[in-house]
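The structure appears right after this line, and notes come after that.
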Amino acid sequence: MTDRIPGFATLAVHAGAQPDPTTGARTTPIYQTTSFVFNDADHAASLFGLQSFGNIYTRIGNPTNAVLEERVAALEGGTAALAVASGHAAQVVTLQQLLKPGDEVIAARKLYGGSINQFTHAFKSFGWNVAWADPDDVETFEQAVTPRTRAIFIESIANPRGSITDIEAVAAVARKAGVPLIVDNTMASPYLIRPIEHGADIVVQSLTKFLAGHGNSLGGIIVDAGTFDWSRDNKYPMLSEPRPEYHGIKLQETFGNFAFAIACRVLGLRDLGPALSPFNAFMILTGIETLPLRMQKHCENSQAIAEWLASHPKVAAVNYAGLPGDKYNKLARKYTPKGAGAVFTFSLKGGYDAGVNLVSKLKLFSHLANVGDTRSLVIHPASTTHSQLDDDAKTRAGAGPDIVRLSIGIEDKEDLMADLDQAMT
Ligand SMILES: *Cc1c(COP(=O)(O)O)cnc(C)c1O
């Protein structure tokens, strides 16, 4: 019994947590403190020099956050993780360890709208170049590789229509190019897809969505698969070269298969500063305990509603990978056998006007810019999340003018169908 490897649902409740050693509290307490007392001067010096692990200051680490980090690392099958303030913070901290000005990241064209903005504008201002590739055509990743490429970035289930990326095919391109594959696993959550098993070297998540799950807390996380050799070709000096701020230690040499997570913490988070509040870590930990139950219900509802919409006389098309005959159904059967996720798009025969009308008439669905809430959500991407793109780019990103995006919650599906039905009349 003791040798048993715990299953996913057990890890979701227990990984990383123990009764509090001083009080016996069974739920992980919120360590709402900025700083931690050192035992003595030697202890302080060894913490600052990375000779021993321990708490210093909540911008660099906190015991509540540490439980969250251990739990998500276990759920994703990684060696270590770093929790940060948001999904976007996870993305910038990750890439900051990998790119210098003039370096390049190849990114899938189908990304969360906020990520397209972040990559296009903020990253450009850092001097990082972005080459866009088509996640439905793996050759476009291969064609984009240059001597300055330092990473490839994709979403496992991609915004906004819930398309499924062939992670293994892109991982093969990354391996050949000698760069890490970063997978944003927000839309799948580790319950549906564990990208590390398909060749990802780094997984990032917006915890804000399905992991926290209740639409109440922002957070992000970076998971280190421990698979990448950072010292080859001298492409990643942050990890392979002596660090002046830590008495010249080399992170990969010292920390081995969790060096990337350490770099993100002691260089990225320490200097950029997007620390996660321990209160949010507590909320997200509580959310994760029911992740398997919620994801089952999210997927079951989504499948039923997608099927119902597909046969509705007012609906022109439904884009859900769980539907037989959908463009992504074959990939869904391979990568998401437990369900094709809870975010998908559809269009109405009445086009743009009917879409806008539907959004305004829905009552149970909330019209807002989020996904992965217990509540069902709706948005018209062309006029909101993807409004900065020109018409061609909108259509290429799967956010054409007639498209409505749903994030299906865990309510009774009959009530959701009734709401959609009344809004379409
Ligand atoms: C929401 C989201 C993000 C950004 O996360 P925040 O927590 O809002 O910063 C990144 N990627 C995907 C796929 C998302 O859905």
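Order of listing sets the numbers, starting from 1, for every ligand and every atom in it.
Against a heavy-atom cut-off of under 4.0 Å, Lys209 is close to the following atoms of ligand 1: 1 (C), 2 (C), 3 (C), 14 (C), 15 (O). Near Gln91, meaning under 4.0 Å from any of its heavy atoms, are these atoms of ligand 1: 10 (C), 11 (N). Counting the atoms of ligand 1 from 1 in the order shown, those under 4.0 Å from a heavy atom of Asn159 are 13 (C), 15 (O). Atoms of ligand 1 lying under 4.0 Å from at least one heavy atom of Gly87, given by number and element, are 5 (O), 6 (P), 7 (O), 9 (O). Residue Glu155 approaches ligand 1 through these ligand atoms, each under 4.0 Å from one of its heavy atoms: 13 (C). Taking every non-hydrogen atom of Gly219 and a distance limit under 4.0 Å, the qualifying atoms of ligand 1 come out as 7 (O). Proximity to Ser86 (heavy-atom distance under 4.0 Å) selects the following atoms of ligand 1: 7 (O), 9 (O).
When heavy-atom distances to ligand 1 are checked against a 4.0 Å cut-off, Leu207 has no atom that comes that close, whether in backbone or side chain.
For His380 and Tyr352, the gap between ring centers is short of 6.0 Å. Aromatic rings of Phe153 and Phe119 (six-membered ring for Trp) have centroids within the 6.0 Å cut-off, being under it.
Electrostatic pairing of Asp373 and Lys209 does not count as a salt bridge here, judged by no charged N lying under 4.0 Å from a carboxylate O.
Residue Met187 has no nitrogen or oxygen atom sitting less than 3.5 Å from a nitrogen or oxygen atom of ligand 1, judged on distance alone. Checked by distance only, ligand 1 and His88 come closer than 3.5 Å through their nitrogen or oxygen atoms.
Note: Phe258 and Phe53 have tilted aromatic rings, judged against thresholds of 30 and 60 degrees for the angle between ring planes.
Counting heavy atoms only, Asp184 comes closest to atom 12 (C) of ligand 1 of the residues Asp184, Ile157, Leu111.
Not a single donor-acceptor pair under 3.5 Å links the side chain of Arg148 to the backbone N or O of Asn129.
Given atom 5 (O) of ligand 1, the protein heavy atom at minimum distance is Ser206 OG, 3.0 Å.
Checked by atom type, the side-chain pair Thr165/Glu155 shows no donor-acceptor distance below 3.5 Å. Judged by distance alone, the side chains of Asn185 and Glu76 do bring a donor and an acceptor atom under 3.5 Å apart.
Under the ring pair (Phe, Tyr, Trp, His ring centres under 6.0 Å) rule, Phe260 has a single partner from Tyr236, Trp230, Phe228, which is Trp230.
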